[in-house]
Engineer: 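Take this structure, written in structure tokens, and hold onto it; I'll ask about it next.
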Amino acid sequence: MARHLITSALPYINGVKHLGNLVGSMLPADVYARYLRSAGHEVLAICATDEHGTPAELGALAEDMDVAEYCARHHETQRELGERFGLSWDWFGRTSSPQNHELTAHLARRLKAEGYTETRTTSQVYSVADGRFLPDRYVIGTCPNCGYDRARGDQCENCGKQLDPTDLLEPRSALSGSTELEVRDSAHVFLLQSKLADRLRKWVDSKSDWPNLTRSIAYKWLDEGLEDRGITRDLSWGIPVDPDDFPEAAGKVWYVWFDAPIGYLGATREWADAGLGGDDPRAAFDRWWRTGAGADEVTYTQFMGKDNVPFHTLSFPATLLGSGEDWLLVDRLKSFNWLTYYGGKFSTSEGRGVFMSDALELLPGDYWRWYLMANAPESDDASFTWELFGDAVNKDLVGTFGNFVNRTATQVVRHFGEVVPDGDPDGAAEDLLWERVGERLRDYTDALDQLQFRRSAAALRALWAEGNVYLEEREPWRVVKEDPGGAACILRNALRLALLHAVASEPFVPEASRRLAEAFPDAAHTGFTLDATLVDDARGSLAPGDRFSPPGLLFTKLSSEDLAAWEDRFGGGDDLGR
RNA sequence: GGCGGCGUAGCUCAGUUGGUGAGAGCGCUCGGCUCAUAAUCGAGAGGUCGUCGGUUCGAGUCCGACCGCCGCUACCA
């Protein structure tokens with residue numbers, strides 16, 4: 001038994017997340033967490049909403065709400081949606097929690113004490129009409145390079161030229177359209193990443209097991225030279241800078257990207273303070289995060305989209321390393337490419353794509369979990385299409401997994417009643433079956449150990465298919481007419497395999513797995529672990545005469561009418577002009 | 001502009017450090033079965049691995065150029 005800390009990139013508070021966000025971090029983190037728990041390990045799965053920054057303030061403004069209330073409401077929405085998707089985090093916290101405030105202030109103080117911060121004065125665009133400083137991209141105007149009249153202050157989307165807000169001709173606020181803009185000086189705290197670059201590179205060098213994508217992104221930033229980074233902002237919503245520590249930056253807040261990853265710590269502290277780690281919250285927290293207090297035995301795995309990699313390989317480690325304290329750094333980092341909608345971007349503004357709330361309106365979480373993980377964008381961007389979704393559901397869940405369980409259940413009940421059949425002892429065909437099952441199971445757990453989700457889904461599908469292959473080979477429907485004892489043996493083994501499926505499938509389709517496991521009220525499957533021992537455990541379970549209550553259909557088939565209607569509702573390939 | 005990634009069967013994608021006849025799932029064709037949500041099982045067809053050139057005894061796998069798509073470029077998060 002090992003100890004595993006798992007975090008997924010924090011979903012931003014600004015609205016319901018789409019399926020791309022889900023499959024890029026939260027869902028694979030959950031599959032992995034469930035797998036490790038099922039394999040008998042101690043797991044702490046942490047997530048939280050990322051609540052600070054300009055978009056949160058603007059979102060609250062748009063909904064005519066106090067920003068704290070706005071965040072509280074959206075946090076609850078995201079929590080509820082996550083839970084309905086079966087996300088089994090041990091704690092779903094908030095970066096706006098008191099715990100995160102304290103930790104952020106603490107780390108900033110430590111960085112200063114270690115000499116890794118510096119105050120610098122920068123020029124910022126201030127909008128008088130809006131009464132606030134504007135981030136570069138919230139200033140729009142005419143591009144001096146190509147004349148595009150809606151260029152953003154950081155880059156012109158038309159010609160691609162990088163810009164400074166002051167380069168723009170006829171600049172105006174993206175919020176109000178006001179042209180009453182001023183350039184004002186503002187003092188900000190900078191994190192001296194340049195001074196930490198060598199330590200960071202050495203640390204990245206040691207992570208030889210990281211995927212190519214991850215390492216190449218980290219090295220790219222290191223090779224170009226890590227720049228010092230402003231870690232405060234002129235906003236009202238955020239974690240306030242402690243004026244005792246940084247008097248020059250009093251009245252400002254920490255940059256959202258500084259406090260967001262600290263949210264992993266903050267959320268863990270929330271979990272500990274809630275008493276979920278034992279009576280001593282301090283110790284409960286420390287044994288997961290402080291290497292001097294037991295966290296050196298923890299394997300820490302992070303999940304995120306590829307856009308987040310620099311922050312997790314460089315910025316956040318810089319914060320932790322620079323503190324001079326013994327914080328646990330990430331061991332394994334799994335990053336994902338983008339899930340696209342028919343090859344195009346998921347887009348809120350254009351109303352294209354499927355969001356978590358939409359998805360659950362149509363079908364339970366298991367359906368989406370399976371499709372998304374079996375087609376996860378691991379090595380490249382991957383397309384969502386309704387056709388593929390329909391195939392994954394109808395072919396894999398209904399046709400292979402559900403059908404094996406159902407055809408087995410039907411025959412058992414018809415010929416032997418709602419009990420595990422007695423009959424002949426196992427023969428050579430059964431030895432062969434369980435040998436094949438063992439191989440498939442090994443493929444499956446190997447892939448999960450390596451964080452290869454598409455491969456593990458394919459292995460699980462193959463494991464399900466072994467059930468149908470076995471039935472086709474042994475033909476209990478034919479055997480039962482001449483040899484009821486032989487048929488009983490076949491169906492008994494089929495039931496045991498179904499029980500194995502219930503345990504093995506849990507990381508991907510937890511709800512269906514639970515229903516299936518409940519069909520065997522006398523089985524000791526709660527003690528089974530998802531590893532190589534599962535084969536013998538399953539084969540040795542279910543004594544003749546044990547109760548069996550048919551679970552009914554585990555999954556419902558999707559009609560072509562359903563799929564066509566959904567494609568129509570959400571926009572399909574035809575709308576993309578490709 | 002700079003950097004990075006991708007381009008492999010109709011579709012979505014795998015292909016460790018270059019090496020026996022290039023793979024999976026779906027779709028398609030044919031066959032078996034009829035217990036099962038017209039589900040399932042088996043067999044088969046289908047690809048000059050984006051283009052051109054190079055290195056090598058040998059390249060989808062390495063190098064160069066080109067074409068196409070995508071992403072990043074540090075104040076969106």
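In what follows, chains are A, B, ... by sequence order, proteins preceding strands, each numbered from 1.
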Engineer: Quick one: is B:A24 close enough that its OP1 or OP2 comes under 4.0 Å of any side-chain N or O from A:Arg454?
Structural biologist: no
Engineer: Ignoring backbone atoms, establish whether A:Arg137 has a side-chain N or O less than 4.0 Å from OP1 or OP2 of B:C76.
Structural biologist: yes
Engineer: Does the pair A:Trp464 and A:Tyr444 meet the rule for a ring-ring contact (aromatic ring centres under 6.0 Å, His included), with working shown?
Structural biologist: CA-CA 11 Å; A:Trp464 292 336; A:Tyr444 176 57; 8.9 Å; no
Engineer: If the P atom of B:A22 is compared with that of B:A36, how far apart are they to the nearest Å?
Structural biologist: 43 Å
Engineer: Could you tell me the Watson-Crick or G-U partner of B:U55, where both distances fall under 3.5 Å? Say none if there is no partner.
Structural biologist: none
Engineer: Among A:Ile490, A:Val419, A:Val412, which residue meets the side chain to side chain contact (heavy atoms under 4.5 Å, CB included) test with A:Leu495?
Structural biologist: A:Val412
Engineer: Using atom CG of A:Leu222 as one end and atom C1' of B:G4 as the other, report the distance to the nearest whole Å.
Structural biologist: 15 Å
Engineer: When the P atoms of B:U8 and B:C3 are considered, how many whole Å apart are they?
Structural biologist: 25 Å
Engineer: Taking the basic N atoms (NZ, or NE/NH1/NH2) and the acidic carboxylate oxygens, is any pair closer than 4.0 Å for A:Glu511 and A:Arg369?
Structural biologist: no
Engineer: What is the nucleic acid contact for A:Phe555, judged by heavy atoms within less than 4.0 Å: base, sugar-phosphate only, or nothing?
Structural biologist: base
Engineer: Does the side chain of A:Tyr255 get closer than 4.0 angstrom to OP1 or OP2 of B:C76 through an N or O atom?
Structural biologist: no
Engineer: The side chain of A:Ser383 lies closest to which of these nucleotides: B:U12, B:C33, B:C75?
Structural biologist: B:U12
Engineer: Could you state the CG-P distance from A:Asp228 to B:A74, rounded to the nearest angstrom?
Structural biologist: 15 Å
Engineer: Applying a 4.0 Å non-hydrogen cut-off, can you work out what A:Ala382 is touching in the nucleic acid: base, sugar-phosphate, or nothing?
Structural biologist: sugar-phosphate
Engineer: Counting side-chain heavy atoms from CB outward, which of B:G42, B:U40, B:U37 is closest to A:Thr400?
Structural biologist: B:U40
Engineer: Is the closest basic N to carboxylate O distance between A:Arg436 and A:Glu473 below 4.0 Å?
Structural biologist: yes
Engineer: Side chain of A:Lys395 only, please: which of B:U40, B:C41, B:U37 is the nearest?
Structural biologist: B:U40
Engineer: Considering only heavy atoms and no angle criterion, is a donor-acceptor pair shorter than 3.5 Å present between the side chain of A:Glu472 and the base of B:G32?
Structural biologist: yes
Engineer: Once you round it to whole Å, what is the distance between P of B:A36 and NE2 of A:His501?
Structural biologist: 20 Å
Engineer: Looking for any heavy atom pair under 4.0 Å, which part of the strands does A:Asp50 touch: base, sugar-phosphate only, or nothing?
Structural biologist: sugar-phosphate
Engineer: Of the options B:G25, B:A74, B:G42, whose atoms approach the side-chain atoms of A:Val469 most closely?
Structural biologist: B:G42
Engineer: How do A:Pro55 and A:Ala458 order along RNA chain B: which one's closest nucleotide is nearer the 5' end?
Structural biologist: A:Ala458
Engineer: Who does B:A38 pair with, Watson-Crick or G-U, both distances under 3.5 Å?
Structural biologist: none
Engineer: Using atom C1' in both nucleotides, what's the gap between B:U40 and B:G4 to the nearest angstrom?
Structural biologist: 45 Å
Engineer: When you compare B:C49 with B:A9, how far apart are their P atoms, in angstrom units rounded to a whole number?
Structural biologist: 10 Å
Engineer: Do the side chains of A:Asp234 and A:Arg184 get close enough for a salt bridge, i.e. N-O under 4.0 angstrom?
Structural biologist: no
Engineer: Between B:C75, B:A39, B:G42, spot the one nearest the side chain of A:Lys557, thanks.
Structural biologist: B:A39
Engineer: May I have the distance from A:Phe453 (atom CZ) to B:C13 (atom P), rounded to whole angstrom?
Structural biologist: 18 Å
Engineer: What is the base-pairing partner of B:C49, counting Watson-Crick and G-U wobble geometry with both distances under 3.5 Å?
Structural biologist: none
Engineer: Using atom P in both nucleotides, what's the gap between B:G15 and B:G50 to the nearest angstrom?
Structural biologist: 15 Å
Engineer: When the C1' atoms of B:G10 and B:U29 are compared, how many Å lie between them, rounded to an integer?
Structural biologist: 14 Å
Engineer: Taking the P atom in each of B:U16 and B:G53, what is the distance between them to the nearest angstrom?
Structural biologist: 26 Å
Engineer: With a non-hydrogen cut-off below 4.0 angstrom, is A:Glu473 in contact with a base, only sugar-phosphate, or nothing?
Structural biologist: nothing
Engineer: If I pick the P atom on B:G5 and the same atom on B:U17, what distance separates them, to the nearest angstrom?
Structural biologist: 14 Å
Engineer: Start with the C-alpha gap between A:Tyr341 and A:His18, add the side-chain angles, then the distance that decides, and say whether ring-ring contact (aromatic ring centres under 6.0 Å, His included) holds.
Structural biologist: CA-CA 11 Å; A:Tyr341 191 73; A:His18 57 61; over 10 Å; no
Engineer: Distance alone, cut at 3.5 Å: any donor-acceptor contact between the side chains of A:Ser176 and A:Asp130?
Structural biologist: yes
Engineer: Listing request: all salt bridge (charged side-chain N to carboxylate O under 4.0 Å, His left out) pairs with a residue in residues 439-450 of chain A, at least two apart in sequence or in separate chains.
Structural biologist: A:Arg440-A:Glu466
Engineer: Report the distance from atom CG of A:Asn337 to atom P of B:G71, rounded to the nearest whole Å.
Structural biologist: 12 Å
Engineer: Of the nucleotides B:C75, B:U37, B:A39, which one has an atom closest to the side chain of A:Arg233?
Structural biologist: B:C75
Engineer: Among B:C33, B:C41, B:A36, find the nucleotide with the atom closest to the side chain of A:Asn468.
Structural biologist: B:C41
Engineer: Of all the nucleotides listed (B:C41, B:C76, B:C35), which has the minimum atom distance to the side chain of A:Gln411?
Structural biologist: B:C35
Engineer: Take the protein atom OH of A:Tyr371 and the nucleotide atom C1' of B:C11, then report the distance between them rounded to whole Å.
Structural biologist: 11 Å
Engineer: Relative to the 5' end of RNA chain B, which residue comes earlier, A:Thr340 or A:Phe311, by the nucleotide with the nearest heavy atom?
Structural biologist: A:Thr340
Engineer: Tell me what A:Leu554 touches on the nucleic acid: a base, only sugar-phosphate, or nothing, going by heavy atoms under 4.0 Å.
Structural biologist: base
Engineer: Taking CG from A:Asn308 and P from B:C72, how many angstroms apart are they, rounded to a whole number?
Structural biologist: 12 Å
Engineer: Find the distance A:Leu397:CG to B:G25:P and express it as a whole number of Å.
Structural biologist: 17 Å
Engineer: Classify the nucleic acid contact of A:Leu553 as base, sugar-phosphate or nothing, counting any heavy atom under 4.0 Å across all strands shown.
Structural biologist: base
Engineer: Is any side-chain N of the basic residue among A:Arg492 and A:Glu430 closer than 4.0 Å to the acidic one's carboxylate O?
Structural biologist: no
Engineer: Choosing from B:U40, B:C75, B:G71, which nucleotide comes nearest the side chain of A:Arg407?
Structural biologist: B:U40
Engineer: Tell which nucleotide pairs with B:G7, taking only Watson-Crick or G-U wobble pairs whose two distances are both under 3.5 angstrom.
Structural biologist: B:C67
Engineer: So A:Val398, base contact, sugar-phosphate only, or nothing? Heavy-atom distance under 4.0 Å.
Structural biologist: base
Engineer: So does A:Arg414 get a side-chain nitrogen or oxygen closer than 4.0 Å to the phosphate oxygens (OP1/OP2) of B:A36?
Structural biologist: yes
Engineer: If you check the A:Tyr138 side chain, which of B:A36, B:C76, B:C75 turns out closest?
Structural biologist: B:C76
